[in-house]
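Everything on this sheet refers to the single structure shown next.
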Amino acid sequence: MSNFLPNSLVKKLGVNPLFDTDAFIKIHEEGIRATAIRLNPNKLEDCPFPNAGQVPWCNVAYYLQDRPVFTLDPLFHAGAYYPQDASSMFIDHIIRSLKLHEGSIRALDLCAAPGGKSTLLNSSLHPESLLVANEIIKTRVTILQDNLMKWGNANTVTTNNDPAAFNRLPGYFDLMVVDAPCSGSGMFRKDADAIDEWSEANVKLCSERQQRILVESLSALNKGGYLFYSTCSYSPEENEDIVDWLLDSGDFVSVEIAIEEHWGIDHTNSNKHRAHGYRFYPHKLGGEGFFIAVLKKVGEQETFNRKRIKPEKSDVPKGILDSWISDSTSFHTFLHHEDVYVFPKMYEDDLKYLQNVLYLKNAGTNVGKLNRKELIPSHALALSNHLTKDFQSVELSLEDARNYLRKENITVDTIGQSLQGWTIASFEGKPLGWMKVLTNRINNYYPKELRIVNL
């Protein structure tokens, strides 16, 4: 047995005669971890790191040879890619296997922070889909909101609600992703403290919490919709047993997802219903411990009344966004206090439905603040995929880009161009934020709360 892994967990995993206990222990003792990133397809076509290897189940994801200091990479701050454990990226393969990317749907990421799965969903689903990314814990919502802002799409809503709040939207979503809070055994290599905190009592507690989260939210899933249930735990009580418990209701059926043998993913079956599940072990593939199962809702589900809501007259001056936003006519515009937002026009009614029953932290893209009918652009607009492509910009060197991200002064000589007014600070063609070029100086408008420290 291991000298530091919980023996009761290792023993339970070893009951499976096909499980390689020695290899599992060894990979944890070595402490070597795979580093992977997933590209933002709206901002980057090729991996910016040399000698990267393809993540086999996600065609825009790559394993890196070494773990760089992402904080010092301007492309990271531009939202050009997201560092994420490769195991979690299997969701992209599931979406494509189910052809959920071929048409617009409404999707909910119920336990979304810090935003890895939300940004994946936002890229993998059809671009006309609506994504609601919810985080239960208030202190974690800001990082979720920031990561979706960097991803740059307006078809997202960030919320901060208990799962029970979503029962007020019966039958609303076509897809629910529930990456449930768990005992964290799959993160032992990533977080050594998780080993000390792990116990069988905590596994039981987490299992009960997972059931509560599901009971209180699943009515929001429409008949014919899909539930992706996942954890970063190895314990059956939090994985296959939860799937069996869901199937006991008769409202769901298990869905099998085709996988390649050389990927190293374990295709498991639950004890009671022989439901399909997929386990990721770090000694068999390049990723951390992970479990996911796909269920389809077949039980009847009443839906709320989606009555047509009379559109309200926008307080945003007509035409003010034309020089800032590409195809501004495809967006619903609205004011929140003095801030102007754009949101997909096709979901204008949906925004009202959500506002009526949920606490929203953000909806769409914050374009900027109105000041006497003049727009002061927001940082979110600089990183938005909807910013007009021909907006004036300045290409910065790596050194100048890092200085910009530290919110340090950028000299006029750095620009070497006859520009005036609002200007995009850019690195390798990717916007980082705003500068305002004046006659004798440049004002750096990078947000103070996002600036990087000198490393």
Side-chain angles (χ1 to χ4, degrees), residues 1-36 63 67 84-90 111 114 116 137 178-214 228-248 259 261 263-293:
M1 287 294 177
S2 171
N3 291 324
F4 67 99
L5 293 177
N7 285 329
S8 58
L9 174 65
V10 175
K11 185 177 180 180
K12 185 172 290 186
L13 292 173
V15 170
N16 181 351
L18 300 178
F19 185 78
D20 191 337
T21 301
D22 291 339
F24 179 76
I25 293 173
K26 182 180 179 182
I27 198 74
H28 283 84
E29 289 177 342
E30 290 175 346
I32 300 172
R33 291 174 48 207
T35 297
Y63 293 113
R67 187 175 183 85
Q84 185 179 19
D85 176 58
S87 300
S88 300
M89 301 183 200
F90 186 65
C111 310
I137 302 171
V178 181
D179 187 41
C182 66
S183 60
S185 51
M187 294 290 104
F188 281 171
R189 290 199 307 168
K190 184 178 179 180
D191 181 7
D193 291 339
I195 299 174
D196 296 329
E197 295 171 3
W198 190 92
S199 69
E200 294 196 57
N202 192 34
V203 168
K204 184 176 184 297
L205 184 66
C206 288
S207 177
E208 293 169 351
R209 179 169 52 184
Q210 290 151 4
Q211 291 179 51
R212 181 191 73 82
I213 288 171
L214 292 165
F228 298 177
Y229 174 78
S230 65
T231 75
C232 56
S233 169
Y234 296 121
S235 299
E237 297 92 331
E238 301 176 77
N239 298 328
E240 289 90 351
D241 292 356
I242 294 291
V243 175
D244 273 339
W245 170 78
L246 286 166
L247 293 174
D248 283 341
I259 56 175
E261 185 177 351
W263 291 356
I265 301 168
D266 276 17
H267 180 188
T268 69
N269 295 105
S270 64
N271 288 328
K272 185 175 181 181
H273 292 285
R274 308 304 296 165
H276 303 285
Y278 301 88
R279 282 177 168 262
F280 295 68
Y281 292 109
H283 63 284
K284 299 187 70 174
L285 46 76
E288 301 305 316
F290 185 63
F291 170 87
I292 191 164

Would His283 and Lys26 count as a side-chain contact (heavy atoms from CB on, under 4.5 Å) if you check the C-alpha gap in whole Å, the side-chain angles of each, and the deciding distance to 0.1 Å? CA-CA 8 Å; His283 63 284; Lys26 182 180 179 182; over 6 Å; no

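- To the nearest 0.5 Å, atom CD1 of residue Ile292 and atom CZ of residue Phe90 are 7.0 Å apart.
- When side chains are defined from C-beta on, Pro181 counts as touching Ile213, because their heavy atoms get closer than 4.5 Å.
- Asn7 contributes atom CG, which lies 8.0 Å from atom CD1 of Ile25 (distance to the nearest 0.5 angstrom).
- Minimum interatomic distance between Glu200 and Ser8 (heavy atoms only, all atoms of both residues): OE2-CB, 3.3 Å.
- Tyr281 and Phe19 have their aromatic ring centers within a separation under 6.0 angstrom.
- Summarising the geometry of Ser185 relative to Ser235, their closest heavy-atom pair is OG-N, 4.4 Å, with the distance given to 0.1 Å.
- To the nearest 0.5 Å, the span separating CZ on Arg279 from OG1 on Thr231 amounts to 7.5 Å.
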Worked check of side-chain contact (heavy atoms from CB on, under 4.5 Å) between Arg33 and Glu288: CA-CA 8 Å; Arg33 291 174 48 207; Glu288 301 305 316; 3.8 Å; yes

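- The structure places CG of Leu247 at 12.5 Å from CZ of Arg274, a figure rounded to the nearest 0.5 Å.
- The nearest pair of heavy atoms linking Asp244 to Lys272 is OD2-N, 3.0 Å.
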For Ser87 and Leu285: C-alpha separation, side-chain torsions, deciding distance, then whether side-chain contact (heavy atoms from CB on, under 4.5 Å) applies. CA-CA 9 Å; Ser87 300; Leu285 46 76; 3.9 Å; yes

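- The distance from atom NZ of Lys284 to atom CG of Asp266, rounded to the nearest 0.5 Å, is 3.5 Å.
- A salt bridge links Lys204 and Glu208; the closest N-O separation between the charged side-chain nitrogens and carboxylate oxygens is under 4.0 Å.
- The two residues Glu238 and Ser233 come nearest to each other via the heavy atoms OE2-OG, 2.8 Å.
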One pair to check against side chain to side chain donor-acceptor pair (under 3.5 Å): His273 and Asp248. What are the steps and the verdict? CA-CA 8 Å; His273 292 285; Asp248 283 341; 2.7 Å; yes

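- Contact record, Cys206 with Ser183: SG-N, 3.5 Å, taken as the closest heavy-atom pair.
- His28 approaches Pro282 most closely through the heavy-atom pair CE1-CG, 3.9 Å.
- Atom OG of Ser207 and atom CG of Asp241 lie 7.0 Å apart (nearest 0.5 Å).
- Taking 4.5 Å as the limit, every side-chain heavy atom of Thr21 sits out of range of all side-chain heavy atoms of Leu13.
- Of the residues listed (Phe188, Phe24, Phe290, Trp198), the one engaging Tyr234 in a ring-ring contact (aromatic ring centres under 6.0 Å, His included) is Phe24, and it is the only one.
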Between Asn239 and Thr268, is a side-chain contact (heavy atoms from CB on, under 4.5 Å) present by the stated rule, with each step listed? CA-CA 11 Å; Asn239 298 328; Thr268 69; over 6 Å; no

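- With respect to Lys190 and Asp85, no salt bridge is recorded, no charged nitrogen being found less than 4.0 Å from a carboxylate O.
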